[in-house]
Amino acid sequence: MCGRTACTLAPHEVSKASRYRNRAGQYRRPRWREGDSDKYRPSYNKSPQSFSPVLLSLRHFNKDAPVDECVLATMRWGLVPAWFRESNPNKMQYSTSNCRSESLLEKKSYKDPLLKGQRCVVLADGFYEWKRSEKEKQPFFIYFPQSKTEGAADWHSVDVKSPFFEKPLPEQLEKDKSEWKGWRLLTIAGLFDGWTPPAGGETLYTYTIITVSASSGLQSIHDRMPAVLDGEEEVRQWLDYGEVRSQDALKLLQPKDILTFHPVSSFVNNSRNNSAECLQPLELGSKKVQPSASSKVMMSWLQSSSPGKEKKPGATTKRRAPEENEKGGNLLHKWLTGSCQTKKPAMSN
DNA sequence: CCAGACGTTGTT
DNA sequence: GTCTGG
DNA sequence: CCAGACGTTGTT
DNA sequence: GTCTGG
């Protein structure tokens, strides 16, 4: 299953990390839907009902836009169907944070969004999964294997006229020409819907994460996993509802053995906890769990960058939860490069 | 026809 | 046990 | 997903 | 809104 994620990049970094290709194969950097970059708050611990970045066809918001151009929006986790009649969306009593790929067409809440092409890609650093045993629940952080080298980029910035989309700043345009060298975001297949309160008001956009059987590599942790889209072409096909019909899009939802993982502290269990400790590889000195290959890779990220001089501790001692503070800065990357404290500061005051 | 559901997981 | 909130 | 509540009255 | 069950 998939009931917790991490998404720590700043909004502008999410944009850079979400480069996609259109039908012609041109690289594009998606812009944020107006106002949405402020609704998203980076967090090491995102639970259902929180807001996360999703990529979707620009056409959903702009009828004049090409269907193969994309935009970033901030949506709430847990699909609220358009027909929901209560005045408060929180009264939705059904569990719609996940949606089984096998029964998608049989479910009233999901069939309509699917047939309307309301497919989106949920973005995250990775997700958490709890392995249950008789005595305990051991959480793991699961993500794309990370590499440091990529090919050169061929940039064409999106230029679709719409009141929804602001023009990028000149300095930003310049930066956008460089390729994203940071964390490779996990691309998860989702469906979304828009819900408007019966009394009227702003439309609330919500999404569900589609699940499939766990791949062989993840079976030891859990029997279900989110449907992961592997690479630009799969992302394009999932989002291009003009070219790829629902039936064909469903074929993309397969277990794929392409993820890596490591155990993390049960610190992540409480969704109020929000710091790098949530995804830090757990030190398991016991014979019980050996450091996995992926854990070692992450550790090597940690060590490959020299710790350098420590900043004055006093400057960061009262660091607040990332979700509440900075909008800028690649939090995950900062942690990986050691500019954040690897251990969470004492919770108390 | 109308009434009522509309969802997943894990556990037993 | 089950539901709500995070 | 997990954690934590699960309730009312009257009084300050 | 749409589908299922009665």
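By convention in this document, chain letters (A, B, ...) are assigned in the order of the sequence lines, proteins followed by strands, and residues within each chain are numbered from 1.
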Could you give the distance separating C:dT2 and D:dG7 at their P atoms, to the nearest angstrom? 15 Å
With heavy atoms under 4.0 Å as the rule, sort A:Asn90 into base, sugar-phosphate or nothing. nothing
Just by distance, no angles: are the side chains of A:Asn22 and A:Arg236 close enough, under 3.5 Å, to form a donor-acceptor pair? no
Figure out the CG/C1' separation between A:Leu105 and E:dT2, and round it to whole Å. 14 Å
Going by the angle between their ring planes, with limits at 30° and 60°, are A:Tyr241 and A:His60 parallel, tilted or perpendicular? parallel
Under 6.0 Å between ring centres, would you say that holds for A:Trp183 and A:Tyr143? yes
Strictly by modelled atom types, are A:Arg76 and A:Tyr205 linked by a side-chain donor-acceptor pair under 3.5 Å? no
Is the phosphate of D:dC2, meaning OP1 or OP2, less than 4.0 Å from a side-chain N or O of A:Arg272? no
Ion pair present between A:Lys131 and A:Glu136, side-chain N to carboxylate O less than 4.0 angstrom? no
Going 5' to 3' along nucleotides 3-9 of chain B, which nucleotides have protein heavy atoms under 4.0 Å from the base (write B), which only from the sugar-phosphate (write S), and which from neither (write -)? --BBBBS
Atom CD of A:Glu86 and atom P of C:dT4 are separated, to the nearest Å, by 11 Å
Please determine whether a side-chain nitrogen of the Lys or Arg among A:Glu234 and A:Lys256 lies less than 4.0 Å from a carboxylate oxygen of the Asp or Glu. yes
In whole angstroms, how far is the C1' atom of C:dG5 from the NZ atom of A:Lys46? 15 Å
Examine the side chains of A:Trp130 and A:Asn269 and answer whether a donor and an acceptor come within less than 3.5 Å of each other. yes
Gap in Å between the two C1' atoms, one belonging to C:dG1 and one to B:dT9, rounded: 15 Å
Pairing string, 5' to 3', for DNA chain C - Watson-Crick or wobble contacts under 3.5 Å, brackets [ ] where pairs cross, | to another strand: ||||||
Do A:Asn98 and A:Thr211 have a side chain donor and acceptor closer than 3.5 Å? no
Measure from CZ on A:Phe84 to P on E:dT2 and round the result to the nearest Å. 18 Å
Check for me whether the distance between the ring centres of A:Phe140 and A:Phe261 falls short of 6.0 Å. yes
Check whether A:Arg59 reaches the backbone of A:Leu56 with its side chain - one donor and one acceptor, N or O, closer than 3.5 Å. no
Contact class for A:Pro139 (heavy atom, under 4.0 Å): base, sugar-phosphate, or nothing? nothing
A:Lys111 side chain near E:dC3 phosphate (N/O to OP1/OP2, under 4.0 Å): yes
Measure the distance from NZ on A:Lys131 to P on D:dC2 and round it to the nearest whole Å. 15 Å
When the distance from CG of A:Asp193 to P of E:dT2 is rounded to whole Å, what number comes out? 12 Å
Considering only atom P, compute the distance from B:dC6 to C:dC3 and round it to an integer number of Å. 13 Å
If we take the P atom in both B:dG4 and D:dA5, what is their distance in whole Å? 35 Å
Can you tell me the distance, in whole Å, between the CH2 atom of A:Trp77 and the C1' atom of C:dG5? 14 Å
Rounded to whole Å, how long is the line connecting atom NZ of A:Lys116 with atom P of E:dG1? 10 Å
